[in-house]
Enquirer: 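Okay, here's the structure, questions in a sec.
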2 protein chains.
Amino acid sequence: MKQQKRTSFHAVRDEVKRRIESRIWPQGTLLPTESDLAEEFGCARATVNRALRELAEQGFVERKRKSGTRVKTAPVRQARFEISLARRVVEEQNGDYRYALVERAEIAAPAWLSSQLGLPPGTRVLHLLCMHYADNRPFQLEERWVSLAAVPAMEQADLSRIGPTEWLMTAIPFTDAEIAFGAIGADSRLAEFLSTSVGMPVMQMERTTWLKGQPVTFARLTHHPGFRVRTAY
Amino acid sequence: MKQQKRTSFHAVRDEVKRRIESRIWPQGTLLPTESDLAEEFGCARATVNRALRELAEQGFVERKRKSGTRVKTAPVRQARFEISLARRVVEEQNGDYRYALVERAEIAAPAWLSSQLGLPPGTRVLHLLCMHYADNRPFQLEERWVSLAAVPAMEQADLSRIGPTEWLMTAIPFTDAEIAFGAIGADSRLAEFLSTSVGMPVMQMERTTWLKGQPVTFARLTHHPGFRVRTAY
DNA sequence: CAGTGGTCTAGACCACCTC
DNA sequence: AGGTGGTCTAGACCACTGA
């Protein structure tokens, strides 16, 4: 017999969730007020508040002052996936990870990049091309542009052994990112790097990263054919 | 001058976050205890707790009893994207949404589906094929298998006007799902439905859905060429 | 303007963990 | 065994917003 001595907010949260999922409180229902629920569960209002706040975060209910708490009619569910680090993905699949720096150059930001990152035209950026391998087979081609104004230290970085993604994650963690991905057909360069043939469908991910609102880097990560992104929520 | 009368947990959270991002508290640093921070900020410990709990949820710090709160060394950032409903995606882009049911059949679950969903072999499932259009151009081909044991009401559902995804979302919201997506080359059937040519790279998304642990449905959503998934943040 | 959620407090006890 | 975060309480005031 596992019995909570005191009413935990877990108990309240789970019971309310159960009532929503069991349609005891169907979609659109107005829930009792926090005070009422506190009385029903025999706990403090703060405890109910904590429970309902979590359910709101998870998208089960919607809360508004004065109106009260309502079961969401069209729950907007979100899926999450980890922002992947090639090495970690490979190692999680028990693969042998290898990295290689293919190209490194300091250039003036091309126009498309300036507009993508919101950089003044002509800003000096570091252009990088690297390969990530799993069991000696191409896993991901990483092409990246880094604003040297945002990360001056990167000019001196030794990227022969550690990939730029990993370097940046230790140098400037806690960045904001925007990610988009889609399917493209491999062009001749991609086909060569990824050991596949021209036109093969591959997943390409584009990441734009900011640090405290300042644009840092834009990366285009192209994966070997057959690569899949998985999520859970 | 905007000044908080009382110390809000926002203020504490933002200040701690600032210290982490500014490397005042570098990665790995052990933060002061809740009580100490409460004293520093002149607030109750509960307020500090709320602030730190949020930072922990967001992946900035790691909390352990007795050990204390530590700045995360390798922050695992997660990206999120909305679980899309074709109609909503199209309408958000100011497109004209149209839906068509192509095929509907009740069949015995094929072996691959039984194993995918964990259903007893031979379970009766509803097999659906539908098209979603944006501005009369193919947007998404939806192929779906629904366990009638899990959603008996679906046998009577009128799916001629509302797509199965949308029907299911109102019939049984609050499900759990697993999503995987990748790039594939269109086969002849896909090419025809999506008005493209064989071999064109397209994004295919596979969703498996459970309701309270019970398998409900498996869907394969294939998008028109050029479709991209974007993260919310 | 009145009702509801949002937040804060001061104190308390507890559970877990490292020492 | 003792320190740290986890949680709860009872009461209070605040801020938003719908009637």
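Just so it is clear, the model here is predicted, and its values are computed rather than measured. For the numbers below, each heavy atom of this structure counts, side chains included, while hydrogens, waters and symmetry mates do not. Lettering of chains follows the sequences in order, A, B, ..., and the numbering in each one begins at 1.
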Enquirer: Please tell me which of the listed nucleotides, C/dT9, D/dG5, C/dG6, lies nearest to the side chain of A/Glu34?
Expert: C/dG6
Enquirer: Could you give the NE2-to-P distance, from A/His10 to C/dC14, as a whole number of Å?
Expert: 18 Å
Enquirer: Round to a whole Å and report the spacing from CD of B/Glu54 to P of D/dG5.
Expert: 17 Å
Enquirer: Parallel, tilted or perpendicular: which fits the ring planes of B/His224 and B/Phe227, with parallel below 30° and perpendicular above 60°?
Expert: perpendicular
Enquirer: Got a salt bridge between B/Glu34 and B/Arg63, using NZ or NE/NH1/NH2 to carboxylate O under 4.0 Å?
Expert: yes
Enquirer: Under 4.0 Å between a side-chain N/O of B/Ser67 and OP1 or OP2 of D/dG3, yes or no?
Expert: no
Enquirer: Nearest to the A/Phe9 side chain among C/dC8, D/dC8, C/dT7, which nucleotide is it?
Expert: D/dC8
Enquirer: Verify the contact: side-chain N or O of B/Asn49 to OP1 or OP2 of D/dG6, cut-off strictly under 4.0 Å; return yes or no.
Expert: yes
Enquirer: Check the distance between D/dT17's P and A/Leu30's CG and give it to me in whole angstrom.
Expert: 16 Å
Enquirer: Rounding to a whole Å, what distance do you find between A/Arg50:CZ and D/dA10:C1'?
Expert: 18 Å
Enquirer: Look at the side chain of B/Arg65 and decide which nucleotide, out of C/dC8, D/dT9, D/dG6, has an atom nearest to it.
Expert: D/dG6
Enquirer: When rounded to the nearest 0.5 angstrom, what distance separates CG in A/Asp96 from CZ in A/Arg98?
Expert: 9.5 Å
Enquirer: Do the non-hydrogen side-chain atoms of B/Thr69 and B/Leu55 ever get within less than 4.5 Å of each other?
Expert: no
Enquirer: Of the nucleotides C/dT4, D/dT7, D/dG3, which one has an atom closest to the side chain of B/Lys66?
Expert: D/dG3
Enquirer: Using the salt bridge (Lys or Arg N to Asp or Glu O under 4.0 Å) rule, collect all pairs that involve residues 150-171 of chain B, keeping only residues at least two apart or in two chains.
Expert: B/Arg87-B/Glu166, B/Arg124-B/Glu155
Enquirer: If you look at every strand shown and take non-hydrogen atoms under 4.0 Å, does B/Arg45 touch a base, only sugar-phosphate, or nothing?
Expert: base
Enquirer: Does D/dT4 have OP1 or OP2 sitting under 4.0 Å from an N or O in the side chain of B/Thr69?
Expert: no
Enquirer: Using whole Å, report how far CG of A/Leu55 lies from P of C/dG6.
Expert: 12 Å
Enquirer: Over all strands shown, is A/Ser35 touching base, sugar-phosphate only, or nothing at heavy-atom distances under 4.0 angstrom?
Expert: nothing
Enquirer: Round to a whole Å and report the spacing from CD of A/Glu62 to C1' of C/dG6.
Expert: 16 Å
Enquirer: Nearest whole Å is fine: how far is D/dT17 P from A/Arg70 CZ?
Expert: 15 Å
Enquirer: For A/Arg53 and C/dT4, give me the distance from atom CZ to atom C1', rounded to whole Å.
Expert: 16 Å
Enquirer: Which residue, A/Lys64 or A/Ala46, contacts DNA chain D at a nucleotide closer to its 5' end, judged by nearest heavy atom?
Expert: A/Ala46
